[in-house]
Every structure is written in C-alpha cells, then in structure tokens.
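Contents: one structure, followed by commentary.
Order of the sequence lines fixes the chain letters, A, B, ..., with proteins taken first and strands second; residue numbering starts at 1 for each chain. All values reported here derive from a predicted model rather than from experimental measurement.
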Number of protein chains: 2
Amino acid sequence: MSTAEETAGGEAQAWGEVTPDAARRLLIAAVEAFAERGYHATTTRDIAGRAGMSPAALYIHYKTKEELLHRISRIGHEKALEILRTASRREGSPTERLADAVSSFVRWHAGGRTTARVVQYELDSLGPDARAEILALRRQVDAEVRGIIEDGVRSGEFEVIDVHGTTLAVLSLCIDVARWFNVDGPRTPEEVGALYADLVLRMVGAGASAAASQK
Amino acid sequence: MSTAEETAGGEAQAWGEVTPDAARRLLIAAVEAFAERGYHATTTRDIAGRAGMSPAALYIHYKTKEELLHRISRIGHEKALEILRTASRREGSPTERLADAVSSFVRWHAGGRTTARVVQYELDSLGPDARAEILALRRQVDAEVRGIIEDGVRSGEFEVIDVHGTTLAVLSLCIDVARWFNVDGPRTPEEVGALYADLVLRMVGAGASAAASQK
DNA sequence: GCCGAAGGTGAGCGAGCGCTTAGCGTGGCC
DNA sequence: GGCCACGCTAAGCGCTCGCTCACCTTCGGC
C-alpha cells in the first residue's frame with residue numbers, strides 16, 4: 001500500500017481488481033483523460049486512443065461513457081473510505097488516529113492526484129442514480145472523520161465547538177489537495193500529509209492541554 | 001459591500017460594470033449555466049436562451065464562448081483580490097486582519113457560490129493566454145494572505161513553521177467552500193465565515209500565547 | 001422623412017460528438 | 001480440421017455543437 005506507488009503518468013495502483021485486461025486499460029485511460037480535460041471535454045475517441053484501441057472497442061466493455069465515470073468514482077470512493085476506516089479503527093488516541101487519517105488521506109489525494117481529481121470533482125457529471133450511490137459513500141466518509149473528532153472531544157483531547165462544521169472543514173481541506181497539488185511542485189505527498197496532519201490537530205485544539213505536534 | 005447582496009438565483013452583484021445591458025444579461029446567464037453544468041457541458045444556445053435571446057445574439061457581444069468565461073474569471077478574481085486587500089491593509093493586529101480576510105473571503109465564496117464556482121473551478125477550461133493572465137491574479141491573492149501570516153509570525157502572534165504551506169492550506173480551505181456550500185443547507189455564509197476564521201486562527205497558532213478566539 | 005449604425009433574428013454551415021453495426025481474425029474444443 | 005464464440009475494427013448514422021451570414025427592425029441626427 002505504501003510501496004512504490006504512483007508518481008506521474010503511471011498511477012496504475014488499485015485498478016488491479018478490474019478485469020479483463022482491456023477493460024482495465026480503458027479505465028486507466030479514462031481516468032487520465034477525465035483528470036486532464038474534464039469529463040465533458042473528453043471524447044470516447046480520446047479514451048480509446050490512449051488505450052491503443054479503436055473507438056468502438058470501448059462499447060464492448062462499457063455500455064456508455066458515463067459508466068466509465070461511475071466505475072472510476074465508485075472504486076475511488078471505496079478506496080478513500082478504506083483509507084479512512086483503517087486509520088479510524090486502529091488503536092491509539094484520537095489525536096494519533098486523526099493525524100493518521102489526515103496524513104494518509106492527503107497522501108492519497110496528492111500521490112494519486114489524477115484519480116482523486118476525477119473522484120472528487122466530476123461527481124456532478126454523473127446521472128441521478130449513480131450520483132445518489134456515490135453520495136451515500138461520501139456520507140460514510142464524513143461519518144468516519146466525525147467519529148474520530150467526537151472521540152477526541154469526549155476524551156477531552158480536542159476542543160471543538162462545532163463538530164459537524166469542523167469535520168466538513170477537515171475533509172474539505174484534504175479533498176482540495178487534489179485540485180492544487182502539483183507533481184512537479186516543491187512538496188512530496190508525504191510532506192503535505194505531515195503538514196496537514198499538524199494543521200488539522202491545531203484546528204481541533206489538540207495539544208491545547210497537552211503537547212501534540214510531536215512525531 | 002455587505003448590504004443585502006445575493007442569496008439564491010439572483011446574485012446580480014458586481015456585474016454592474018459590464019455594459020451594455022444585453023452583454024451583462026448574457027454574462028450573468030453564462031455564470032449561472034457554467035456553475036450549474038460546467039463550462040464544457042454548457043451550450044451557447046443555453047446561455048442565449050437564459051438571457052432571452054437567440055443563439056446568434058451572443059456573438060454580437062462576445063467573440064467566442066471562451067471570451068465569456070475569461071471575462072467572468074477576470075472580474076471574479078479582481079473582486080476576490082479586492083476583498084483580501086481590503087482586509088489585509090486595514091489597521092489592526094495580524095490576528096484581526098487574518099480573521100477579517102478569511103471571514104469576508106469565505107462569505108464571498110458561500111454567498112456568491114454560483115460565481116465563485118466558475119471563478120475557482122473552471123480555470124483549466126481557459127486557453128493558455130487567458131489562463132496565464134488569471135494565474136497572475138491568483139499569485140497576488142496568495143501574496144496578500146501570505147503577507148498577513150508573515151506579519152503575524154514576525155510580531156510573535158502566530159506560530160507557523162511552513163509559511164508557504166500554511167498559506168496554501170488557508171486559501172485552499174476558503175476556496176473549497178464554493179464546492180460544498182449549499183444555499184439550502186443549515187449554515188449561512190456569515191456562520192461559515194465565523195467558523196472558518198476561528199479555525200484558521202487555530203491553524204496559525206494565534207492565541208497560543210494569548211487568548212484569541214474571542215468575538 | 002430619409003439614412004446609416006447598432007442590435008437583433010432564422011436558417012444553416014462544417015465539424016465532431018456518442019454510439020451502432022457488419023464483418024474480420026484468431027484461439028480453444030470436439 | 002471445421003466451427004463458433006470472442007475481441008476487435010472500419011465505416012458511418014443521427015445529432016448537436018460553436019459559430020456565421022443574410023436579412024430585418026428600431027431609432028437618433030439632420
């Protein structure tokens with residue numbers, strides 16, 4: 001999971017579950033194209049071309065162009081949820097769990113920026129049914145982070161007045177990394193993850209009663 | 001400036017400078033359409049229709065569809081920059097100036113969500129020249145916020161290790177409001193502005209040496 | 001009361017879109 | 001070795017896109 005993953009164009013990562021091979025190649029091509037140009041500006045000819053196939057080949061594996069986006073979005077959201085769940089359910093104090101959640105969530109958004117961009121910013125391009133399905137996953141993502149913050153408030157480690165609003169802000173901060181992060185920029189995903197974990201701990205008031213920006 | 005501005009569909013606000021009247025109506029129609037569907041998914045027929053005109057009328061006032069986006073983006077960024085400059089150059093401590101900057105910047109993103117969405121998220125739909133012009137404005141926006149944070153660090157009010165990274169995070173947090181804010185949701189723009197000002201002051205460590213989350 | 005500019009329309013252009021269909025090559029099975 | 005299912009392609013259909021063009025209306029200046 002934290003082995004040599006993606007950096008620039010590759011980012012093949014978690015698409016291993018998609019079979020057969022041609023369908024996976026098309027999906028990866030679609031992710032790259034959607035991230036670069038946006039869903040609506042991407043043509044099926046472009047996707048097929050990137051995958052080294054003719055335009056018609058796409059329709060053997062997917063019913064429509066939207067189905068491609070739907071599949072990408074669902075797999076991406078499931079991955080994001082898994083990352084947060086892992087951090088949330090490990091043992092440790094709320095402070096440690098929140099720092100872990102934020103830093104790994106941010107690393108995913110920065111390192112897999114291509115995928116994350118599509119997952120987080122092309123939601124409105126989905127039809128109503130697919131959109132509703134994805135929104136249910138997003139509510140689970142929200143609940144996971146809110147759970148950690150509530151734990152911290154309960155234990156007295158955090159000092160938060162508006163738990164819902166703060167949860168929203170924390171997630172918003174992490175998600176927006178996919179918009180601005182530049183692979184050629186001065187920061188590595190790990191550095192941004194560490195910086196953001198520190199900033200988020202400050203936001204929830206961790207370390208107001210104890211020293212917390214260690215590690 | 002803080003009079004009864006926009007709430008839902010209206011949001012006519014700062015487009016007063018655009019003349020003649022027909023050109024302004026087209027511009028407002030374009031903002032609404034771009035915000036709703038995205039630039040690439042919006043048709044010139046849709047824009048003209050919303051403005052109560054025929055598709056051809058658009059080309060009397062604008063050379064291309066992209067020129068509409070360019071104009072919207074430039075006016076929007078100038079407005080955003082003006083808001084931050086006003087907060088940055090008023091008198092007061094860095095803490096007060098930063099809180100003012102964040103809360104007014106957030107209010108603009110939440111209240112004028114329609115406009116802000118287009119301004120912040122359709123940048124990539126511009127051609128290279130227009131894009132470069134807008135990016136120059138964004139660097140000024142960044143510099144304005146960084147200036148306040150640097151002042152706070154210098155005066156000892158703030159405790160920030162990575163000034164550039166923290167500036168980026170603060171701006172990112174504010175900008176992303178345009179993505180998730182819902183006019184029909186439970187929070188008013190003013191409430192989000194106040195919450196975010198508090199969160200940002202925590203992020204920069206204001207009140208670590210003095211009480212700061214007052215007001 | 002005529003005239004030209006300004007601002008608008010209806011029809012339609014070439015291009016490119018998402019998607020379909022007829023047919024081709026190939027490898028596994030009897 | 002004949003057969004057929006599978007994966008794929010070349011060609012192209014119907015449609016809608018951004019944008020243009022020929023023409024129409026309105027209105028202030030003289």
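Rounding to the nearest 0.5 Å places CG of A/L173 at 7.0 Å from CG of A/L199. To the nearest 0.5 Å, the span separating CZ on A/R179 from OH on B/Y121 amounts to 5.0 Å. In this structure, A/Q120 CD and A/I175 CD1 are separated by 4.0 Å, a value rounded to the nearest 0.5 Å.
B/Y59 places its OH atom 13 Å from the P atom of D/dC21, with the value rounded to the nearest Å. Rounded to whole Å, atom C1' of C/dA15 lies 17 Å from atom CG of A/D46. Regarding B/D21, its CG atom lies at a distance of 11 Å from the P atom of C/dG7, rounded to whole Å. In this structure, OH of B/Y62 is placed 13 Å from P of C/dG7, rounded to the nearest angstrom. The nearest whole Å value for the distance from the CD1 atom in A/I47 to the C1' atom in C/dC17 is 12 Å.
A cation-pi arrangement, defined by a distance under 6.0 Å to the six-membered ring centre and an angle within 45 degrees of its axis, is absent between B/K65 and B/Y59.
The shortest non-hydrogen separation linking B/E144 to B/S88 is OE2-OG, 3.3 Å.
Contact check for B/R50 versus B/E36: side-chain heavy atoms found under the 4.5 Å cut-off. Here the side chains of A/L126 and A/L123 are in contact, with some heavy-atom distance below 4.5 Å.
Looking at A/R117 and B/D124, a side-chain N of the basic residue comes within less than 4.0 Å of a carboxylate O on the acidic one, giving a salt bridge.
A rotation axis mapping the C1' atoms of four pairs onto the next four is fitted at both ends of the helix from C/dG1-D/dC30 to C/dC30-D/dG1 over five pairs, and the angle between these axes is 10° to 10 degrees.
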Mark up nucleotides 3-17 of chain D, 5' to 3', with B wherever a protein heavy atom is under 4.0 angstrom from a base atom, S wherever such an atom reaches only the sugar-phosphate, and - elsewhere. -----BBB-B----B
